Amino acid sequence: MSTDILRIGLVSISDRASSGGYEDKGVPALREWFERALSSPWEMETRLIPDDQPTIERTLIELCDEAGCGLVLTTGGTGPALRDVTPEATLAVAHKVMPGFGEQMRQISLKFVPTAILSRQVAVIRGKSLIINLPGQPKSIKETLEGLKDAEGVPLVDGIFAAVPYCIDLIGGPYVETHDSVIKVFRPKSAIRPPAG
């Protein structure tokens, strides 16, 4: 396994989708977004699991510790309903909590719906892996990753992915680059590498 390739774990957490009750839309939406956004090499591991805290914890640990995913994204299970336990499972496997990601996701979503304050997404670091809880809806996933742009494509609110590659740098992961037209990454000048080639 090359250390230059970002391994991404994508976990859709849904009782109904994992039991075949309806088609999962979270993982396909994420795969499509990364195909457009990333210019550096990457590969993915996907999981479709129920809203069960021990199962979520085991899956996150496996993707971080065994599959070597430098980035793990979950969708689903972050609201206030009784079965929504994704944040609890994520915090249970964390070594460090990264509250800024959840704060920014809620700020973005509040531009669209007042119920964004009911969202409990968290982000954490486990070892050399960044784990982020994303919303469950494909439209919301895109908005939180990319941010908000005006009609000319000028960013109005930064998406959370602008900070993800530098976070991965800091925890010892591969150097991740993106297509600026989708999401422009921010790094301090001292952390920017010259283009390969």
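Predicted, not measured: the structure shown is a model, and the values here were computed from it. In what follows, residues are counted from 1 in the order of the sequence shown.
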Can you name the nearest heavy-atom pair linking I108 to F112, along with the distance? O-CD1, 3.5 Å
Any ring-ring contact (aromatic ring centres under 6.0 Å, His included) pairs touching residues 65-86, not counting sequence neighbours? none
Ion pair K111/E143, N-O distance below 4.0 Å: no
Go through W33 and I183 one step at a time and tell me if the side chain to side chain contact (heavy atoms under 4.5 Å, CB included) criterion holds. CA-CA 10 Å; W33 190 83; I183 181 77; 3.8 Å; yes
Is there a path from M44 to I168 through hydrophobic residues (I, L, V, M, F, W, Y) whose side chains come within less than 4.5 Å of each other? yes
Take atom CD in E23; do more than 12 heavy atoms of anything else shown fall under 6.0 Å from it? no
Quick one: does any side-chain atom of H95 pair with a main-chain N or O of G127 as donor and acceptor, under 3.5 Å? yes
OG of S181 to CZ of R36: how many Å apart, nearest 0.5 Å? 8.0 Å
For the residue pair P135 and M105, what are the closest heavy atoms and their distance? CD-SD, 4.4 Å
If you round to the nearest 0.5 Å, how far is CZ of R31 from CG of L10? 7.5 Å
Before you tell me yes or no, could you show the steps for F186 and Y166 under side chain to side chain contact (heavy atoms under 4.5 Å, CB included), namely the whole-Å CA-CA distance, both residues' side-chain angles and the distance that decides it to 0.1 Å? CA-CA 7 Å; F186 178 83; Y166 184 50; 5.8 Å; no
Quick check for you: to the nearest 0.5 Å, what is the distance between L30 atom CG and I141 atom CD1? 4.5 Å
Would D65 and R126 count as a salt bridge (Lys or Arg N to Asp or Glu O under 4.0 Å) here? Give the steps. CA-CA 9 Å; D65 299 5; R126 177 180 175 87; 2.7 Å; yes
Identify the heavy atoms of A37 and V182 that sit nearest to each other, and give their distance. CB-CG1, 3.7 Å
L130 and its side-chain contact (heavy atoms from CB on, under 4.5 Å) partner, picked from C167, C69, P165, C64: C167
Output yes when D169 and R187 qualify as a salt bridge under the 4.0 Å nitrogen-oxygen rule, no when they do not. yes
Group every Ile, Leu, Val, Met, Phe, Trp and Tyr by side-chain heavy-atom contacts under 4.5 Å, then state whether L48 and L73 land in the same group. no
So, Y175 side chain and R193 main chain: donor-acceptor pair closer than 3.5 Å or not? yes
Start with the C-alpha gap between L134 and T144, add the side-chain angles, then the distance that decides, and say whether side chain to side chain contact (heavy atoms under 4.5 Å, CB included) holds. CA-CA 8 Å; L134 293 175; T144 53; 4.0 Å; yes
Checking T86 side chain against T78 main chain: does a donor-acceptor pair fall under 3.5 Å? no
Hey, quick one: are M98 and V185 part of the same hydrophobic cluster, counting side-chain heavy atoms closer than 4.5 Å, chains of contacts allowed? no
Run the numbers on K25 and E32 for salt bridge (Lys or Arg N to Asp or Glu O under 4.0 Å), then give the verdict. CA-CA 11 Å; K25 293 185 168 60; E32 187 273 331; over 6 Å; no
Kindly say whether V176 contributes a backbone atom to a donor-acceptor pair with the side chain of S40 at under 3.5 angstrom? no
Could you state the interatomic distance from OG (S109) to CD1 (I117), rounded to the nearest 0.5 Å? 12.0 Å
Assess R106 against F101: is NZ or CZ under 6.0 Å from the centre of the six-membered ring, and within 45 degrees of the ring's axis? no
Does the T75 side chain pair with the main chain of S12, one donor and one acceptor, at a distance under 3.5 Å? no
Would E45 and R7 count as a side chain to side chain contact (heavy atoms under 4.5 Å, CB included) if you check the C-alpha gap in whole Å, the side-chain angles of each, and the deciding distance to 0.1 Å? CA-CA 7 Å; E45 293 266 344; R7 285 178 67 78; 2.5 Å; yes
Less than 3.5 Å apart, which donor and acceptor atoms pair up between the side chains of residues 151-164 and the rest of the protein, not counting sequence neighbours?
none

Check this for me: E62, atom CD, are more than 12 non-hydrogen atoms of other residues, nucleotides or ligands nearer than 6.0 Å? yes
Where the side chain of D51 meets the backbone of D15, is there a donor-acceptor pair that is under 3.5 Å apart? yes
Separation between CZ of F34 and OG1 of T178, rounded to the nearest 0.5 Å: 11.0 Å
How long is the straight-line distance from NE2 of H179 back to CD of E35, given to the nearest 0.5 Å? 11.0 Å
Can you list the steps and then say if T90 with N133 is a side-chain hydrogen bond (donor to acceptor under 3.5 Å, both in side chains)? CA-CA 8 Å; T90 304; N133 301 155; 3.0 Å; yes
Short question: side chain of R58, backbone of Q53 - any donor-acceptor pair under 3.5 Å? no
Running the 4.5 Å side-chain criterion over Ile, Leu, Val, Met, Phe, Trp and Tyr, what cluster does V122 land in, apart from itself? V11, I13, I49, I56, L60, I61, L63, V72, V85, L91, V93, V97, V124, I131
